[in-house]
Amino acid sequence: QVQLVESGGGLVQAGGSLRLSCAAYGRTFSSYAMGWFRRAPGKEREFVAATNWSGSTTFYTDSVKGRFTISRDNDKAMVYLQMNSLKPEDTAVYYCAALLFGSSWYVPDAYDYWGQGTQVTVSS
């Protein structure tokens with residue numbers, strides 16, 4: 001069992017930055033991969049970024065490459081999403097998720113546990 005709690009969302013102007021945090025509880029954090037997804041109003045849930053168990057491998061959707069950075073601290077059982085150069089189209093609810101098995105980084109249904117989400121709103 002894994003519980004995930006996101007924080008760090010908010011309202012920011014275009015071009016600004018936010019750092020999302022996700023705290024994990026339960027199963028040994030370093031034993032599984034982590035991902036970030038987002039859901040914008042009226043749209044499907046979308047993959048944003050993922051990292052393997054150690055943080056040595058990361059993946060990003062094309063629209064955030066060069067602007068967002070995923071990282072993790074296994075000692076603190078935390079995963080982060082640093083978001084720079086934010087755009088209005090980044091507005092969404094952001095979710096962290098735990099991928100316990102396999103490597104289907106981009107597939108939401110492959111993830112086993114989800115946080116409650118945190119709202120990010122980017123104004124133009």
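Contact annotation: the side chain of Val5 approaches that of Tyr25 to within less than 4.5 Å [non-hydrogen atoms, C-beta and beyond]. The shortest side-chain heavy-atom distance between Phe47 and Phe59 falls under the 4.5 Å cut-off.
In this structure, Tyr113 has no ring-ring contact (aromatic ring centres under 6.0 Å, His included) partners at least two apart in sequence or on a different chain. In this view, Glu46 and Arg38 satisfy the salt bridge (charged side-chain N to carboxylate O under 4.0 Å, His left out) rule, not counting sequence neighbours.
Side chain of Asn74 to main chain of Ala77: no donor-acceptor pair is present (N/O by atom type, distance under 3.5 Å, no hydrogens or angles). Although no hydrogens or angles enter the test, the distance criterion places no donor-acceptor pair under 3.5 Å between the side chain of Arg19 and the main chain of Gly8.
A cation-pi arrangement is absent between Arg45 and Tyr95 under the rule of less than 6.0 angstrom and at most 45 degrees off the ring axis.
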Give every donor-acceptor pair under 3.5 Å between a side-chain atom in residues 98-109 and any protein atom, sequence neighbours left out.
residue, atom, partner, partner atom, Å
Trp105, NE1, Ser103, O, 3.1

Considering only distance and modelled atom types, tabulate donor-acceptor pairs under 3.5 Å from the side chains of residues 78-85, sequence neighbours left out.
residue, atom, partner, partner atom, Å
Gln82, NE2, Asn84, OD1, 2.9
Asn84, OD1, Ser17, OG, 2.9

Show the atom names and distances, to 0.1 Å, of all donor-acceptor pairs under 3.5 Å that link a side chain in residues 115-124 to residues at least two apart or in another chain.
residue, atom, partner, partner atom, Å
Gln116, NE2, Glu6, O, 3.3
Gln116, NE2, Glu6, OE1, 3.4
Thr118, OG1, Gly9, N, 3.2
Gln119, NE2, Ala92, O, 3.4
Gln119, NE2, Thr121, OG1, 3.3

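Aromatic ring orientation, Tyr32 versus Phe29: perpendicular (interplanar angle above 60°, classes split at 30° and 60°).
Annotation: Phe37 is in aromatic contact with Trp114 [ring centroid separation under 6.0 Å].
Closest heavy-atom contact between Tyr111 and Ala50: OH-CB, 3.7 Å. Taking both residues in full, the closest heavy atoms of Ala49 and Tyr60 are given as CB-CD2, 3.6 Å, listed atom of the first, atom of the second, then distance.
Salt bridge Lys87/Asp90: absent, no basic N to carboxylate O contact under 4.0 Å.
Here the CZ atom belonging to Phe68 is positioned 8.0 Å from the CG atom belonging to Leu20, to the nearest 0.5 angstrom. Distance check: Asn52 CG to Arg72 CZ gives 7.0 Å after rounding to the nearest 0.5 Å.
Applying the disulfide bond (SG atoms under 2.5 Å apart) test to residues at least two apart or on different chains, the pairs with a partner in residues 62-124 are Cys22-Cys96.
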